[in-house]
Protein chains: 2
Amino acid sequence: MTSKPTLDDGLRARKRAATQAGLERAALALALEHGYENVTVDMICDAGMVSQRTFFNYFGTKEGAFLGTPPPMPADAELARFVHGTGADILGDLVGLITAALVDQEPDPGILRARRMLIERTPELLGRENTRVAELEESLTLLVLDRFHAQGRTEESTPDLEDEARMVVTLAGSVMRFSMQKWFSGGFAGTPSELLRHSIALVRRITGTADPAPRG
Amino acid sequence: MTSKPTLDDGLRARKRAATQAGLERAALALALEHGYENVTVDMICDAGMVSQRTFFNYFGTKEGAFLGTPPPMPADAELARFVHGTGADILGDLVGLITAALVDQEPDPGILRARRMLIERTPELLGRENTRVAELEESLTLLVLDRFHAQGRTEESTPDLEDEARMVVTLAGSVMRFSMQKWFSGGFAGTPSELLRHSIALVRRITGTADPAPRG
DNA sequence: AATAAAATTACAGTAGCTGCACGCATACCG
DNA sequence: CGGTATGCGTGCAGCTACTGTAATTTTATT
């Protein structure tokens, strides 16, 4: 219209964001009401007032509208901070890193909660979610290896260092899944940080050599 | 034909088993050659000389032909042995239990290996595999809880006992995934038992309070 | 040999998804 | 302000996975 048409990030970008958000909200609402399997892409398109073709241009897949934007890699600054961390609690540090990346991803907590509830009750979505996470695991493994090297550990002194790195990532994934389930099922009264520490403590209790049984 | 037509398990059952095995073999061979995504159900049906409808009668899903029969719960005897185990190494015991159930499932090691190779390189199949495993997790959690109770641990003395049980199952799943990947990628020279013990040792090294760094 | 039960099949239809080409809105430039 | 390039939404035709149904064939029973 005026000589300065691009206010926010360009009118185009705003419209895109709006329709995308609308579609995601419509998808979640429909699925929470009728169940994921009974929601058709055409229904979401009707609610979002776009053609089916446009829907697939946005999400590529039906599941995409329900899962939201994929988890991003953390910013370089955070990565560096992790790599040069103290080293005492690598599992806690990694879990913290992942959590931070997840949190500032979806600003609306209502959407986030609805999404988690739906994913928990829908095996198909849960599986796809795990697949997405698995796609990040390789780069996270490299990150953990970097940290090992920064701590002076080498493949020479520890032949299975790469295995260890992969296992660290795997364990972090377990802790995240466990914690998310407990958090969004409402079974924990406390802060997310407390929950994560609780989960990690649980891991230690289980793997702790032979101390699980109570004294009495 | 004769007065005793049912030799093995009935001619019907044998034919069923034969066509099913044929379809599974055809599916694996085609996918290893052309890639999972480029194999169509019709191709498999042609190779197996059945109609598409019959294919879906057998497997219900395209993925089903590649994943094989779902993992079964172990026999009651094994379950009892687990529940009344010594208690020192619950993670090892559970991993052993799962492994045993997997092993006597697919007698042909060639098929098993081909299947794993395909699953590893196909995210969609990997995700579905994990979903299948997740379906067993609930009953495994109950099993672990039984063992806790058999050891005299109660929810009264340990309020988060159920959490601990769920975490044990989650960790066992991590160990299994890690080990399977390493095993079938050929990166381990040794027996499966050794590999499993190695993996669990890795978990302990990581979670061990503050011992991961070498002295030097 | 007659009959019951079970397996296989063809057929029609739905839903997810893709390539392609066309039209229109937006952004850019003189 | 007008012209133009670019991006985006859309319709359409088509492929593949999957399902219900009813008919046909194959195996089991008596």
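What you see below is based on every heavy atom in this structure, not just the backbone, and it leaves out hydrogens, waters and symmetry mates. Numbers restart at 1 for each chain; the letters A, B, ... are given by sequence-line order, proteins then strands.
An OP1 or OP2 oxygen of C:dA7 is reached within less than 4.0 angstrom by no side-chain nitrogen or oxygen of B:T54. Residue A:T40 places none of its side-chain N or O atoms closer than 4.0 Å to OP1 or OP2 of C:dT14.
Distance, A:F59 CZ to C:dC17 C1': 15 Å, rounded to whole Å. Residue B:K15 contributes atom NZ, which lies 7 Å from atom C1' of D:dT26 at whole-angstrom precision. Atom NZ in B:K62 sits roughly 13 Å away from atom C1' in C:dC17 (whole-Å rounding). With rounding to whole Å, B:F55 atom CZ is found 14 Å from D:dT16 atom P. Atom pair A:E63:CD and C:dC17:C1' shows a separation of 12 Å (rounding to whole Å applied). For B:D46 and D:dT16, the CG to P distance is 12 Å, given to the nearest whole Å. Atom OH of A:Y58 is separated from atom P of D:dG7 by 15 Å (rounded to the nearest Å). As rounded to whole Å, 8 Å separates atom P of D:dA17 from atom CE of B:M43.
Mapping A:R53 and A:E37 onto DNA chain C by nearest heavy atom places A:E37 closer to the 5' end of the strand.
In this structure, of C:dA27, D:dC18, C:dG16, it is C:dA27 that holds the atom nearest to the side chain of A:L11. The listed nucleotides are C:dT8, D:dG11, D:dC18; the one nearest the side chain of B:T19 is C:dT8. Across C:dT9, D:dT19, D:dC8, the shortest atom-to-atom separation from the side chain of A:R16 is found for D:dC8.
At distances below 3.5 Å, at least one donor-acceptor pair connects side-chain atoms of A:S185 with backbone N or O atoms of A:K182. Using a distance-only test at 3.5 Å, with no hydrogens or angles considered, a donor-acceptor pair links the side chain of A:R147 to the main chain of A:F82.
Judged by atom type and distance alone, A:R12 reaches the base of C:dT26 through a side-chain donor-acceptor pair under 3.5 Å.
Ion pairing of B:R132 with B:E129 is absent here, as no side-chain N (NZ or NE/NH1/NH2) approaches a carboxylate O to less than 4.0 Å.
Summarising the local packing, NE2 of B:H84 is surrounded by 12 or fewer heavy atoms from other residues, nucleotides or ligands at distances under 6.0 Å.
For the salt bridge (Lys or Arg N to Asp or Glu O under 4.0 Å) with A:R115, the lone residue among A:E63, A:E120, A:E24 that qualifies is A:E24.
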